[in-house]
Amino acid sequence: MIDLKYLQNHFDEAVQKLQKKGVSSDTLQGLKTLFASLKAANAAFESARAEQNQMSKLFGTYKREGRDTAELKVKVDARKEEIASLQEAAREAETALYRVALSIPNFPDESVPEGADEKENVELHKVLEPRSFDFEPKEHWALAEENGWIDFERGVKLAKSRFSVLRGEAARMERALISFFLDTNRSKGFEELCVPFLNNAAMLQGTGQLPKFEDDLFKIEDENLYLIPTAEVPLTNLYQDEIIPEKALPVLMTGYTPCFRREAGSAGRDTRGMIRQHQFDKVEMVAITHPEKSEEVFEMMVQNASDILTALGLPHRVVLLCGGDLGFSAAKTIDLEVWLPGQNQYREISSISTTGDFQARRAKIRFKEGKKNRLAHTLNGSALAVGRTLIAIMENYQNEDGSIEIPEVLKRYM
RNA sequence: CGGGAGAUGUCAGAGCGGUUGAAUGUGCCGGUCUUGAAAACCGGUGAGGGUAACACCUCCGGGGGUUCGAAUCCCCCUCUCCCGGCCA
């Protein structure tokens, strides 16, 4: 959630910043008004309640002194209804405010370039030269079929479309990649965690998936739980509603989880192959930092993900997202796009974001700074998306006969 | 899933319906003492909102109710622990 006091005191700046994310000034004006209404309603209710409390306390005094309380009771009763309605008004004001506030995206960081969509993202640099092929490189689904690595049909049979089954060497490589990623992250100081793949609504609200993006989630109706769309949800919310000692910062976590996404808005996109599935494996990094240290940790996370790709020998480029392409919670995002020779293009394989204090404010993740509690910064990033790495290896390590080499660093895992 | 017990501040653990936001112990911070440390003693120490700072409001698992007034009484839910069933 954005800082409502900031919105109140620096309205024009706020409008300007959120323009990059397509939020109208009318919406923000409405939010500002709701915030003012809440404060007014609270003030009215609280002063009425204060009077009531004082009168109630008198009963104790009167009784001890043996005085009659009948007159006092009449006085209190007279205001009862009024106070109840003031309380109701304050509650309604709060509900109205949060209904809007929770659906407002985060402010983009100053360093985020202007732009409407992914076409205006800025390539920062490339790592590794794509190899040249003396034959026509195939796309991963063709290679998958030739090698019997991915069983798309039976995945659909077991569940529905956009589910698939990895078989044999592919299944082993999936497992090898997970281990390789976790080990690498651990060597950079990230604690490895194994977390629930179902989280409750409060957690999904904490990281920003709810209330706005419920349609993108798989929900277990009977239990009121959601399949996580990314390990960012459980890892970040591990510290929801907690106050972390300053010396424990930064908290660096990594974990492997499957991720589940309805892909509600992407009908027709990437229907072929394993690029976009309802279920995929991912190893995630999450950091909770002191606000002054988040930039530094962000750079480290980008470097780490890039280093993993480099270690695998996968050519990639580092891209700074423009304002229009930023996600809901993100203040700043860098994508790593891996080269897919079969598709002859770069495709996203990792996305590293800082949310500033946006998620921390929602999830109440704070730390002790001296005597004061302060909102932390939260960051997250893939290192890496496992299925897409598998695809990248297939396409980059293919031979003319359709066979696939195993990257050197993975050999000890297979 | 069935039966019993419980949910209070870092933790432990009190709390007749009214000066209890909460005894006491413990932990932590500061001070006295000490060459230093320990011990002892003194003081401070939950969160959110609000304020220039006070005041003030809210929070004793969550929600609702009774009452002038609820941590204390009633109802519902959730969670934890113990017993039984089932089970990786």
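Numbered from 1 within each chain, the chains take letters A, B, ... in sequence-line order. Note that this is a predicted model, so its numbers are computed, not measured.
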*Asks:* Below 3.5 Å between N/O atoms, which protein atoms pair up with nucleotides 59-65 of chain B? Just atom names and distances, please.
*Replies:*
from	atom 1	to	atom 2	distance (Å)
B:G64	OP1	A:R91	NH1	3.2

*Asks:* Pick the nucleotide of RNA chain B nearest each of A:D77 and A:K57; which residue has the one closer to the 5' end?
*Replies:*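 Its nearest nucleotide lies further toward 5', so the answer is A:K57.
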*Asks:* Between A:N147 (side chain) and A:G402 (backbone), is there a donor-acceptor pair under 3.5 Å?
*Replies:*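 Yes: the side chain of A:N147 pairs with the backbone of A:G402.
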*Asks:* Please write out the pairs of protein N or O atoms and N or O atoms of nucleotides 50-55 of chain B separated by less than 3.5 Å, giving the distance to one decimal.
*Replies:*
from	atom 1	to	atom 2	distance (Å)
B:G50	OP2	A:K5	NZ	3.2

*Asks:* With rounding to the closest Å, how many angstrom separate the P atoms on B:G18 and B:G44?
*Replies:*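 To the nearest whole Å, 26 Å.
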*Asks:* Could you work out, with ring-ring contact (aromatic ring centres under 6.0 Å, His included) as the rule, every residue matching A:W339, not counting sequence neighbours?
*Replies:* A:Y346
*Asks:* With a 4.0 Å cut-off, would you call A:K17 and A:E114 a salt bridge?
*Replies:* no
*Asks:* Please check the phosphate of B:U58 (OP1 and OP2 only) for any side-chain N or O of A:R49 closer than 4.0 Å.
*Replies:* yes
*Asks:* Given the P atoms of B:G25 and B:U35, what is the spacing between them in whole Å?
*Replies:*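 It works out to 30 Å between them.
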*Asks:* Can A:K332 and A:S353 be counted as having a side-chain donor-acceptor contact under 3.5 angstrom?
*Replies:*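 No - no donor-acceptor pair under 3.5 Å links their side chains.
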*Asks:* What residues, two or more places apart in sequence or in another chain, satisfy salt bridge (charged side-chain N to carboxylate O under 4.0 Å, His left out) together with A:E408?
*Replies:* A:K411
*Asks:* Taking atom C1' in both B:G17 and B:U66, what distance in whole Å separates the two?
*Replies:* 11 Å
*Asks:* How long is the line joining CG of A:D3 and P of B:G49, in whole Å?
*Replies:*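 Spelled out: CG on A:D3 to P on B:G49 is 10 Å.
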*Asks:* Return all side-chain donor-acceptor pairs below 3.5 angstrom for residues 86-99 of chain A, not counting sequence neighbours, or 'none' if the list is empty.
*Replies:*
from	atom 1	to	atom 2	distance (Å)
A:T95	OG1	A:R91	O	3.0

*Asks:* Taking only residues two or more places apart in sequence or in another chain, which ones pass side chain to side chain donor-acceptor pair (under 3.5 Å) with A:Q205?
*Replies:* none
*Asks:* For atom P, what is the distance between B:C54 and B:G36, given to the nearest Å?
*Replies:*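 Rounded to whole Å, the distance is 37 Å.
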*Asks:* Is the closest basic N to carboxylate O distance between A:D3 and A:K5 below 4.0 Å?
*Replies:* no
*Asks:* Within 45 degrees of the axis of the six-membered ring of A:Y256 and under 6.0 Å from its centre: does A:K282 put its NZ or CZ there?
*Replies:* no
*Asks:* Using whole Å, what does the distance between atom C1' of nucleotide B:G46 and atom CG of A:D241 come to?
*Replies:*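 Answer to the nearest Å: 12 Å.
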*Asks:* Between B:G49 and B:C41, how many Å separate the two P atoms, rounded to a whole number?
*Replies:* 38 Å
*Asks:* Who pairs with A:E296 by salt bridge (charged side-chain N to carboxylate O under 4.0 Å, His left out), at least two apart in sequence or on another chain?
*Replies:*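 A:E296: no salt bridge (charged side-chain N to carboxylate O under 4.0 Å, His left out) contacts found.
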*Asks:* Below 3.5 Å between N/O atoms, which protein atoms pair up with nucleotides 69-78 of chain B? Just atom names and distances, please.
*Replies:*
from	atom 1	to	atom 2	distance (Å)
B:G69	O4'	A:S56	OG	3.4

*Asks:* Strictly below 4.0 Å, N to O, side chains only: are A:E192 and A:R186 in salt-bridge contact?
*Replies:*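 The answer is yes: the pair qualifies as a salt bridge.
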*Asks:* Whole Å only: how far is the CD atom of A:E223 from the C1' atom of B:C1?
*Replies:*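 Rounded to the whole Å, the gap is 13 Å.
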*Asks:* How would you label the contact of A:I243 with the nucleic acid (heavy atoms, under 4.0 Å): base, sugar-phosphate, or nothing?
*Replies:* sugar-phosphate
*Asks:* For A:D216, enumerate each residue passing the salt bridge (charged side-chain N to carboxylate O under 4.0 Å, His left out) test, keeping only those at least two apart in sequence or located in another chain.
*Replies:*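 With neighbours one apart ignored, the set is empty.
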*Asks:* Applying a 3.5 Å limit to both distances, which nucleotide forms a Watson-Crick or G-U wobble pair with B:U45?
*Replies:*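 Answer to the pairing question: B:G27, which forms a Watson-Crick or G-U pair with B:U45.
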*Asks:* Quick one, which residues of residues 359-368 of chain A touch RNA chain B with a heavy atom under 4.0 Å?
*Replies:*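 Heavy-atom cutoff 4.0 Å gives A:R366, A:K368.
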*Asks:* When you compare B:G13 with B:C87, how far apart are their P atoms, in angstrom units rounded to a whole number?
*Replies:*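 Between the two P atoms, the distance is 36 Å.
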*Asks:* Take atom P in B:G6 and the same atom in B:C56, then report the distance between them in whole Å.
*Replies:*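 The same atom, P, in both gives a distance of 36 Å.
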*Asks:* Could you state the CG-C1' distance from A:L4 to B:G49, rounded to the nearest angstrom?
*Replies:*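 These atoms are roughly 13 Å apart.
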*Asks:* When you compare B:A7 with B:C74, how far apart are their P atoms, in angstrom units rounded to a whole number?
*Replies:* 14 Å
*Asks:* Do any side-chain atoms of residues 257-268 of chain A form donor-acceptor pairs under 3.5 angstrom with protein atoms, and if so which ones, sequence neighbours left out?
*Replies:*
from	atom 1	to	atom 2	distance (Å)
A:R261	NE	A:P229	O	2.9
A:R261	NH2	A:P229	O	3.0
A:R262	NH1	A:D215	O	3.4
A:R262	NH1	A:L217	O	3.4
A:E263	OE1	A:S266	OG	2.9
A:S266	OG	A:E263	O	3.1

*Asks:* Check this for me, if you would: do A:E337 and A:R347 make a salt bridge, where the nitrogen-to-carboxylate-oxygen distance has to be below 4.0 angstrom?
*Replies:*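 Salt bridge flag = no for A:R347 with A:E337.
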*Asks:* Using side chain to side chain donor-acceptor pair (under 3.5 Å) as the criterion, list what pairs up with A:D77, not counting sequence neighbours.
*Replies:*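 Residues passing side chain to side chain donor-acceptor pair (under 3.5 Å) with A:D77: A:K73.
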